[in-house]
Amino acid sequence: MYLDHLAVERGLAVNTISSYRRDLDRYAATLRAAGHSRLDTVDERAVTAYVRLLREGDAEHPPLAAASAARAISAVRGLHRFAAREGLIADDAAREVRPPVPPRRLPKALGVDEVRRLLEAVRGDDPASLRDAALLEFLYGTGARVSEAVGCAVDDLDLTDGSVLLRGKGGRSRLVPVGGYARDAIAAYLVRGRPALLAHRRSASGARSGARGGAGSGARDGHILFRNARGGPLTRQGAWGILRQAATRAGLSQEVSPHALRHSFATHLLDGGADVRVVQELLGHASVTTTQIYTLVTVEKLREVYATSHPRAR
């Protein structure tokens, strides 16, 4: 019942529901082993003991990191809260149980010069190079998640207006500006790159259709913006590969992921004076708390500059 509530009324993604189901299945098994056959017999001590079990592990499960344990406890707290609200139990035994606090890790952002080197490493006039340049300019110029980038459709773009509709987590969409460098790279790709890549797909589909005596079905995904070498939609893994190759050519020593460009987008905006609420909207964060971690990056940078520049900083 609770999982149905999450799927239907709260509209959580399928993967999120699957994670909740696994977490709650383990919770139910732990309660049964402790002698609790019904949720209304569970007290706060039992929930607290479960938190400790998650962190310590057992014969069947390794210890969970704070972030994973916090997610599991979030599922448990939600279950108890739902059951109490529906009158299935008298008291919410998990109400006062606090999940472990994960250590706050600062996102790794590239410097402005490193991003410039990365973007300049994919210049070329062949279809694949035009696509690679457009993809990386798109990621850095919009702050899009890699899933949003590879899921973007041509019709989601308005290059005249300089905007794109990004379809994010939980079915939430947002309209984001597209800067001049990204617009130019995408326009070149749309004219000289994408049609050539799509021609490979039409050629392959035509050959298969002729061999089978029927019509091809490649047009179903023909609206996707970024295409692979065979003309099909570019995948997340394909985007990772493009970025890794560009980082190698640019001589970047650190591991560079598509999310690193998203981090760089946010950090460079804040360094340039953007308001954190504006950055929140651009990133598509549901809560400004998520965005505020980027302000810590900026503070760390300021602290480093102060420590190396001020004569009385020691």
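In this text, all values refer to a predicted model and were calculated from it rather than measured experimentally. Note that the numbering runs from 1 along the sequence shown for the chain.
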Q: Not counting sequence neighbours, list each pair that qualifies as a ring-ring contact (aromatic ring centres under 6.0 Å, His included) and has a residue in residues 238-259.
A: His259-His263

Q: List, by chain and number, the other hydrophobic cluster members for Val112, where Ile, Leu, Val, Met, Phe, Trp and Tyr join if side-chain heavy atoms come within less than 4.5 Å, directly or indirectly.
A: none

Q: Using the rule that two of Ile, Leu, Val, Met, Phe, Trp, Tyr join whenever any of their side-chain heavy atoms come within less than 4.5 Å, decide whether Val191 and Leu157 are in one cluster.
A: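 As far as the 4.5 Å side-chain criterion goes, Leu157 and Val191 are not connected within one cluster.
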
Q: What do the steps show when you test Ile89 against His80 for side-chain contact (heavy atoms from CB on, under 4.5 Å), and what is the final call?
A: CA-CA 8 Å; Ile89 58 177; His80 279 271; 4.1 Å; yes

Q: About how many Å separate CZ of Arg21 and OH of Tyr2, when rounded to the nearest 0.5 Å?
A: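 Here the rounded value is 12.5 Å.
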
Q: Working to the nearest 0.5 Å, report the span between CZ of Phe82 and CG of Leu88.
A: 6.5 Å

Q: Closest heavy-atom contact between Ala93 and Val97?
A: O-CG2, 4.0 Å

Q: Taking all atoms of both residues into account, what is the closest heavy-atom pair of Pro100 and Ala70, and its distance?
A: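 In terms of heavy atoms, the two residues are closest at O-CB, 3.6 Å.
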
Q: Name each donor-acceptor pair under 3.5 Å that joins a side chain in residues 51-60 to protein atoms two or more places apart or in another chain, with its distance.
A:
from	atom 1	to	atom 2	distance (Å)
Arg55	NH1	Leu64	O	2.7
Asp58	OD1	Glu60	N	2.9
Asp58	OD1	His61	N	2.6
Asp58	OD1	His61	ND1	3.2

Q: Could you list the donor-acceptor pairs under 3.5 angstrom formed between side-chain atoms of residues 159-167 and any protein atom two or more places apart in sequence or on another chain?
A:
from	atom 1	to	atom 2	distance (Å)
Asp161	OD2	Ser163	OG	3.1
Arg167	NH2	Asp156	OD1	2.8

Q: List the atom pairs, with distances to 0.1 Å, where a side-chain N or O of residues 181-189 and a protein N or O form a donor-acceptor pair under 3.5 Å, not counting sequence neighbours.
A:
from	atom 1	to	atom 2	distance (Å)
Arg183	NH1	Val178	O	2.7
Tyr189	OH	Leu225	O	2.8
Tyr189	OH	Arg227	N	3.1

Q: Please round to the nearest 0.5 Å and tell me the distance separating atom CG of Leu135 and atom CG of Leu130.
A: 12.5 Å

Q: Could you tell me which residues satisfy side chain to side chain donor-acceptor pair (under 3.5 Å) with Thr48, sequence neighbours excluded, listed by chain and number?
A: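 Testing Thr48 for side chain to side chain donor-acceptor pair (under 3.5 Å), a comparison that skips the adjacent residues, returns none.
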
Q: Check this for me, if you would: do Asp275 and Arg277 make a salt bridge, where the nitrogen-to-carboxylate-oxygen distance has to be below 4.0 angstrom?
A: no

Q: Would you give the length of the straight line joining atom CD1 of Ile73 to atom CG of Asp23, rounded to the nearest 0.5 angstrom?
A: 8.5 Å

Q: For residues 123-143, pull every pair meeting ring-ring contact (aromatic ring centres under 6.0 Å, His included), keeping only residues two or more places apart or in separate chains.
A: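 Sorted pair list: Phe138-Phe226, Tyr140-His268.
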
Q: Do Ser74 and Arg71 meet the criterion of a side-chain donor-acceptor pair at a distance under 3.5 Å?
A: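 Side-chain D/A pair, Ser74 to Arg71: absent.
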
Q: Filter on salt bridge (charged side-chain N to carboxylate O under 4.0 Å, His left out), then keep only pairs touching residues 129-144, sequence neighbours left out; what's left?
A: Arg123-Glu137

Q: Rounded to the nearest 0.5 Å, what's the gap from OG1 on Thr30 to CG on Leu24? Could you check?
A: 11.0 Å

Q: Enumerate the salt bridge (charged side-chain N to carboxylate O under 4.0 Å, His left out) contacts for residues 280-290, please, sequence neighbours excluded, ordered by first and then second residue.
A: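 Counting only pairs at least two positions apart or across chains, no salt bridge (charged side-chain N to carboxylate O under 4.0 Å, His left out) contact touches residues 280-290.
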
Q: Filter on salt bridge (charged side-chain N to carboxylate O under 4.0 Å, His left out), then keep only pairs touching residues 142-151, sequence neighbours left out; what's left?
A: Arg145-Glu148, Glu148-Arg174

Q: Give me each pair satisfying salt bridge (charged side-chain N to carboxylate O under 4.0 Å, His left out) with a member in residues 74-95, each pair once, sequence neighbours excluded.
A: none

Q: Does Ser129 have any side chain to side chain donor-acceptor pair (under 3.5 Å) partners at least two apart in sequence or in another chain, and if so, which?
A: Asp126

Q: Work out which heavy atom in Val42 is nearest to a heavy atom in Ala46; give both atom names and the distance.
A: CG1-CB, 3.8 Å

Q: Atom OG1 in Thr267, atom CG in Leu110: separation rounded to 0.5 Å?
A: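 Between atom OG1 of Thr267 and atom CG of Leu110 there are 9.5 Å.
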
Q: Which atom pair, heavy atoms only, marks the closest approach of Leu136 to Ala246?
A: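 Where Leu136 meets Ala246 most closely, the heavy atoms are CD1-CB, 3.8 Å.
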
Q: Minimum heavy-atom separation for Pro258 to Leu243, with atom names?
A: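 That would be N-CD2, 3.1 Å.
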
Q: For the backbone of Ala144 and the side chain of Arg262, can you confirm whether one donor and one acceptor N or O come within less than 3.5 Å of each other?
A: no

Q: Thr41 and Arg38: which non-hydrogen atoms are nearest, and at how many Å?
A: OG1-O, 2.8 Å

Q: Between Arg22 and Asp25, does any side-chain N to carboxylate O distance fall below 4.0 Å?
A: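 No, no charged N to carboxylate O under 4.0 Å.
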
